[in-house]
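Only heavy atoms go into these numbers, but all of them, side chains included; no hydrogens, no water, no symmetry mates.
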Amino acid sequence: MTTMIGLSLIDRRVVLVGGGAVAARRLAAFLADGALVRVVAPELAPSTRALVAEHHVEWVARPFEPEDVDDAWLVHTATGDRSVDREVAAACDRKRVFCINASDGAHGSARMTAQTAAGDVVIGVGSSVGADPRRAVLVRDAIRALLDDGRLPLRRRRASTAGRVDLIGGGPGPIDLMTVRARRLLAEADVVVADRLGPTEAVMAELDPDVLVIDVGKRPGAHPVPQEEINALLVMHAGAGRRVVRLKGGDPFVYGRGGEEVIACREAGVPVEVTPGASSAISVPQAAGIPVTHRGTASAVHVVNGQGDLSTVTLQSLADPQTTTVMLMGVAALPKVVGAARAHGVRDDLPVAIVENGHTPMQRTTRSTLGEVVSAAAEVGVRNPAVIVFGDVAAAELLLPSRVHAGNAES
């Protein structure tokens, strides 16, 4: 029977006997764990030599001697010679030092595990008898897949003072368009502060029943929780030792006021990190088959908030045939934008596409031109959430096969 334990090797002596390829892999792992490594070997393989030189590792350039284990907390032997490895293991037994024998898992007092980590959780897979590295790796990878899907209980169960905030981008809506890291952070969360947009319903269904969910979602013309209060909520719960996830639609730093929340946390001394998400400025047009850049059609993208003032730069981007202008939160502002663009000389036949509820079963695309889009939007009753794309990439025929082949022939 094998008892699996976790060892802290930080600033503790680890002796690595052998200088081959296996030693190089183990050396890299021990260095990552903060160990003080000494290598004992007459010769070093190129990969091992490179690590020794890069990290200024002590190298004893001779064959193993029993005294080499005297000051060790842990010994790893991988000389490629079974008799030498057994000699090392025997010397460790006499000195009561744990030894990993890479050539024969049954003749060492310790074994390496196939490891994976998710946040501050470390999972190791080993064998109770002998060694079966390939099986351990397969089991580890299966557990890794469950971790990546957020299907394992990663939340802390013991009270802690180590609170933190993670701003995560939920992407455009479907839960499988979230990043692996975002799913894992949600599985660790004690508190989720969520917006209206993004994968809210699907994500909430996966949370433990006792996770505190705070809805701070903004709707057109209604901001029930001011930004200052959202900032205060994040700081308060993290200050109480909780793992807080601020779940946003799209990307936290694209019209999500994520920067303000990061500043608030840092000013309060709260650890905070940002996990990106697929911005609706790119992913929602993509859902409708609209590439925001396309060779020979558009080489630049200008993203604008429709709720803000229409700047000179935005008017210039609308007039530039090589620039795609993507407007978020712009349904109410559409008549104003169209009027200003036409007054600026933007051509009436400029293609425009409005994509509502991108990446959801309710997705709808309305295609028109600058001169007709206001009436077209009113006719079908366009509503938020919607992304508006101005530019030649919004033309319905852009990605038809004949257009693609013609473009290749011209190039």
Side-chain angles (χ1 to χ4, degrees), residues 2-118 121-141 143-144:
T2 297
T3 299
M4 190 175 293
I5 60 176
L7 294 177
S8 174
L9 297 177
I10 297 175
D11 295 331
R12 294 189 168 100
R13 173 66 63 193
V14 172
V15 174
L16 188 59
V17 183
V22 173
R25 293 196 297 272
R26 299 297 185 240
L27 175 56
F30 290 139
L31 290 173
D33 287 339
L36 299 176
V37 183
R38 177 188 297 135
V39 177
V40 179
E43 301 290 340
L44 299 181
S47 55
T48 310
R49 183 183 296 274
L51 284 170
V52 166
E54 179 183 356
H55 296 277
H56 307 289
V57 174
E58 180 184 355
W59 173 29
V60 180
R62 57 164 171 74
F64 170 76
E65 296 179 0
E67 293 75 17
D68 290 330
V69 307
D70 285 354
D71 61 344
W73 289 69
L74 178 68
V75 173
H76 183 289
T77 182
T79 64
D81 185 325
R82 285 179 174 267
S83 62
V84 173
D85 288 338
R86 290 194 179 192
E87 179 187 351
V88 174
C92 289
D93 283 346
R94 292 193 296 271
K95 297 294 178 65
R96 298 183 180 181
V97 175
F98 282 107
C99 177
I100 301 166
N101 183 349
S103 66
D104 190 344
H107 287 84
S109 54
R111 298 185 181 92
M112 296 293 291
T113 60
Q115 289 190 187
T116 188
V121 173
V122 179
I123 297 167
V125 180
S127 303
S128 60
V129 177
D132 193 342
R134 291 186 180 180
R135 180 179 64 172
V137 167
L138 289 172
V139 174
R140 178 203 62 192
D141 290 348
I143 294 172
R144 177 77 256 176

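Interatomic distance, Asp33 CG to Asp11 CG, rounded to the nearest 0.5 Å: 12.0 Å. Rounding to the nearest 0.5 angstrom, the gap separating the NE2 atom in His55 from the CG atom in Leu31 is 5.5 Å. One distance of note links CD of Glu87 with CZ of Arg82; it measures 16.0 Å at 0.5 Å rounding. If you take CZ on Arg25 and CE on Met112, they are separated by 10.5 Å, rounding to the nearest 0.5 Å. Taken to the nearest 0.5 Å, the CD1 atom of Ile123 stands 11.0 Å off from the CZ atom of Arg140. Once rounded to the nearest 0.5 Å, the distance linking CG of Leu7 with CG of Leu74 reads 6.5 Å.
You'll find the side chain of Val40 reaches within 4.5 Å of the side chain of Val15, heavy atoms only. A heavy-atom distance below 4.5 Å is found between the side chains of Thr113 and Met4.
A salt bridge links Asp68 with Arg62: the closest approach of a Lys/Arg side-chain nitrogen to an acidic carboxylate oxygen falls below 4.0 angstrom. Using a cutoff of 4.0 Å between basic side-chain nitrogens and carboxylate oxygens, Glu58 and Arg13 are scored as salt-bridged. In summary, Asp71 and Arg38 engage in a salt bridge, as defined by a charged side-chain N under 4.0 Å from a carboxylate O.
Among all heavy-atom pairs drawn from Ser103 and Asp85, the shortest one is OG-OD2, 3.0 Å. The two residues Ala41 and Gly19 come nearest to each other via the heavy atoms CB-N, 3.6 Å. Closest heavy-atom contact between Val57 and Leu51: CG2-O, 4.2 Å. Pairing each heavy atom of Ala91 with each of Val69, the nearest pair is O-CG2, 4.1 Å. Taking all atoms of both residues into account, the shortest heavy-atom contact from Cys99 to Ala89 is SG-CA, 3.8 Å. Closest non-hydrogen pair, Asp70 versus Pro66, comes out as OD1-O, 4.1 Å.
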Just do the side-chain hydrogen bond (donor to acceptor under 3.5 Å, both in side chains) check on Asp81 and Thr79 with the steps written out, would you?
CA-CA 5 Å; Asp81 185 325; Thr79 64; 5.5 Å; no
Between Val125 and Ile143, is the side chain to side chain contact (heavy atoms under 4.5 Å, CB included) condition met? List the steps.
CA-CA 10 Å; Val125 180; Ile143 294 172; 4.1 Å; yes
The test is side chain to side chain contact (heavy atoms under 4.5 Å, CB included); show your working for Leu9 and Val14 and say whether it passes.
CA-CA 8 Å; Leu9 297 177; Val14 172; 4.1 Å; yes
Please determine whether side chain to side chain contact (heavy atoms under 4.5 Å, CB included) holds for the pair Leu44 and Val52, giving the CA-CA distance in whole Å, both sets of side-chain angles, and the decisive distance to 0.1 Å.
CA-CA 9 Å; Leu44 299 181; Val52 166; 4.0 Å; yes
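Residue Trp59 places its CH2 atom among more than 12 non-hydrogen atoms of other residues, nucleotides or ligands, all under 6.0 Å distant.
For the pair Arg12 (side chain) and Ser8 (backbone), a donor-acceptor distance under 3.5 Å is present. The closest donor-acceptor contact from the side chain of Thr48 to the backbone of Gly20 lies under 3.5 Å.
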